[in-house]
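Encoded as structure tokens, the structure appears first; notes follow it.
Bear in mind the structure is a predicted one, so any value in this text is a computation, not a measurement.
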Amino acid sequence: MLTEAILSVRDLEVVFETGRGPLRAVNKVSFDIRPGEAYGIVGESGSGKSVTALSILRLLARNARIVSGSVLFKGRDVLGLRDDEMRNLRGKEIAMVFQDPQASFDPVFTIRSQIGEAMSLHRSVSRKEIDANVVSLLRSVGIPEADRRKDQYPHQFSGGMKQRAMSAMALSNSPALIIADEPTTALDVTIQAQMMDLFRDLKERLGVSILLITHDMGLVAEFCDRVSVMYAGSIVETADVHELFKRPRHPYTRALIDSIPRLDREQDQLESIPGRMPSLLELPAFCAFQPRCRFAKPECLEGIPQAKDLDGARVACYRAHAGDL
Amino acid sequence: MSDGNLVEVTGLAKQYAIGTGSFGRFGKAAVHAIDGVDLEIRKGETLGLVGESGCGKSTLGRCILRLIEPTSGRVVFDGQDITALRKGALRLLRRHMQIVFQDPFSSLDPRMTVEAAIAQPFDVFPVPEGQSRHQRVLALIDAVGLDASSLQRFPHQFSGGQRQRIAIARALALNPQFIVADEPVSALDVSIRAQILNLLKQLKSRFHLTYLYISHDLSTVKFISDRVAVMYLGKLVEVGPAKAVFAAPRHPYTRALIDAVPVPDPAARNRRQPMKGEPPSPIAPPSGCRFHPRCPHAMPICKETAPPLLMDADGHRVACHLYSPAGTDVVSVDGTTPSSTTVPGSGERLRLIA
């Protein structure tokens, strides 16, 4: 690797205890994010992408257990931190932007007091400083009339403005990494474009690393430097974004790209992937994509394929490594 | 009424009265959800209706079916004015027009088996083509690509994509002519979305259906539609053949919408400046052209006069002052003629027939 990773996830395994048995949400997931990099984790619902993101900040539900693996942030093992150390990391060095800005703000406090709280949790600041900082943060994320709007309540902000305010909160302690979990899914497409422009600007101006969790291959193509594709709790392919779209190596990645309706070309039929993703409650002991894969062969039923290097990318597929796709 | 049209909408408007002030106790105002829409849907076509949330596209779809009563205007369905129809007569017409909703989790009764759900329309109308209820249901479930064994199961035993197939089977039960599909794939995962879009296309040609496909997602609209109507704040801003609208959008809003869609190809990264601002409130829409506060090409006239929806010889309509009637020069704010790089489709002057 060229530069030291800022975040390094190794062999992460997360299991949810449910009434119907253990649900294996994340299985042996490994990836690295470099400083200043926009990293994408893309997958459909139930692929484990959000659980992976939440594990990094140890924000999992009570019935979830990190069974094994490590999460190293700037070389420190996050999973071994005490709760108070963890609180110190959260929001300060690693910040998170969630999908639903509506649910992420407390409706009874002003925007100023909520962003101010995020600041004063991690350092001692005077009221005056908070006021000045909140205004400049809101301005930096493109909120007009920031001086007046800081004293408003969340319901007085539109969805797009709330998402901007949440990004302002995420930035309030100059984090080194922002985890954005479907940050634009609830927004209209023109507002989404504004938000992604903002994230791009933050990345370039402040050098912050961004982990983008999304289902949208278009967003990944436009925004990310490197990408991991998740399917049924595992990373099936990791590659440079240009490589991934030019030469997808895993049959799932390929099918996913081909199934997107596109504005930039004519399509009579969409490539569709037959069937559906297996339940995480009953994952097979072989490649989880095998039942839907048009390249599947008998050997695909022999054990779970591990991610291995394949000319510059990492791919978990027997057929890809055998070179017969 | 032209023979080729299944649906003709004239001057359709829907206003919702709302209270203003704290907790809506003081004053009265109206939300103009749709405002003077003229639109026709041709027999056998898929008309895509696209716009952002709150633009009125769902309200328009529902007003056409009279699931919502329009405030004014006229809807003609298959030659019959349905705006004034009484309940009984309207109900008879209902079998010809159906709707598929966005959320297949709430559109199916959780206590009804799939067979009962699909056969429900037969409580009101006779089974078409002299089939028995069960025969008809079997044919329908097969048409949407599900197994006959699904019929005795309940909705919760199915995935989102399968439920949407069930909802489509139910919509097809009475052999309708016209289906309004309101964001039918928005709740589905990418790989499943493709299955349902392909299915909708296939069913259309198999059963000679006409669709009004409503969505915020331009890519799916482009894939499925023959013609496209773009809506902004309750008004149509552009209507035309899908190919023409996507290849050479005329209205600056259409252009901005298309530019905002991320392209799944990193080699074609779009670093254009995104459109500024947000859609204004439909309670107090901007004067003149409703898009003018966000429009990069706004001229003085745009603030004052609402541009009419004018049509060229190819049936491509646009409501924008940049496209003045043939013979009039297009002049921008600073008095210069806009260059072809900044004005969508300039250089070709509209030949007006309306």
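Checked options B:L257, B:D259, B:I258, B:D217; the residue passing with A:V189 is B:L257 (criterion: side-chain contact (heavy atoms from CB on, under 4.5 Å)). Looking at A:E222, A:K246, A:E243, A:H242 one by one, the single match for side-chain contact (heavy atoms from CB on, under 4.5 Å) with B:P266 turns out to be A:H242.
The shortest side-chain heavy-atom distance between A:E44 and B:S191 falls under the 4.5 Å cut-off. The side-chain heavy atoms of B:K222 and A:P261, taken from C-beta on, include no pair separated by under 4.5 Å. Contact of the A:T190 side chain with the B:E52 side chain is registered, since non-hydrogen atoms from C-beta on lie closer than 4.5 Å.
Of the atoms belonging to B:Q162, it is side-chain heavy atoms, and not backbone ones, that fall under 4.5 Å from chain A. In this structure, no portion of A:M277 lies under 4.5 Å from any heavy atom of chain B. In this structure, no portion of A:P144 lies under 4.5 Å from any heavy atom of chain B. Heavy-atom distances place the side chain of B:L197, and not its backbone, under 4.5 Å from chain A. Only the side chain of A:D216 comes within contact range of chain B, with at least one heavy atom under 4.5 Å from a heavy atom of that chain. For A:E266, the parts sitting under 4.5 Å from any heavy atom of chain B are the backbone and the side chain alike.
Put simply, of A:G218, A:G275, A:G142, A:G160, the one with the most heavy-atom pairs under 4.5 Å next to chain B is A:G218. Of the listed residues (A:M217, A:E271, A:R262, A:H215), the greatest number of heavy-atom pairs within a distance under 4.5 Å of chain B belongs to A:R262. Each of A:V241, A:L244, A:I260, A:L187 has some count of heavy-atom pairs under 4.5 Å with chain B, and the biggest count is that of A:V241. Counting heavy-atom pairs closer than 4.5 Å to chain B, the top-ranked of the candidates A:Q269, A:Q267, A:M196 is A:Q269.
Residue A:Q194 comes nearest to B:M275 through the heavy atom pair NE2-O, 2.6 Å, listed as atom of the first residue, atom of the second, then distance. B:A194 approaches A:S259 most closely through the heavy-atom pair CB-O, 3.6 Å.
Under a cut-off of 6.0 angstrom, the local environment of CZ in A:R148 is crowded, with over 12 non-hydrogen atoms contributed by other residues, nucleotides or ligands.
Between atom CG of residue A:L263 and atom CG of residue B:D265 there is a gap of 12.5 Å, rounded to the nearest 0.5 Å.
Although no hydrogens or angles enter the test, the distance criterion places a donor-acceptor pair under 3.5 Å between the side chain of B:K201 and the main chain of A:D268. In this structure a side-chain-to-backbone donor-acceptor pair under 3.5 Å is present from A:D188 to B:S53.
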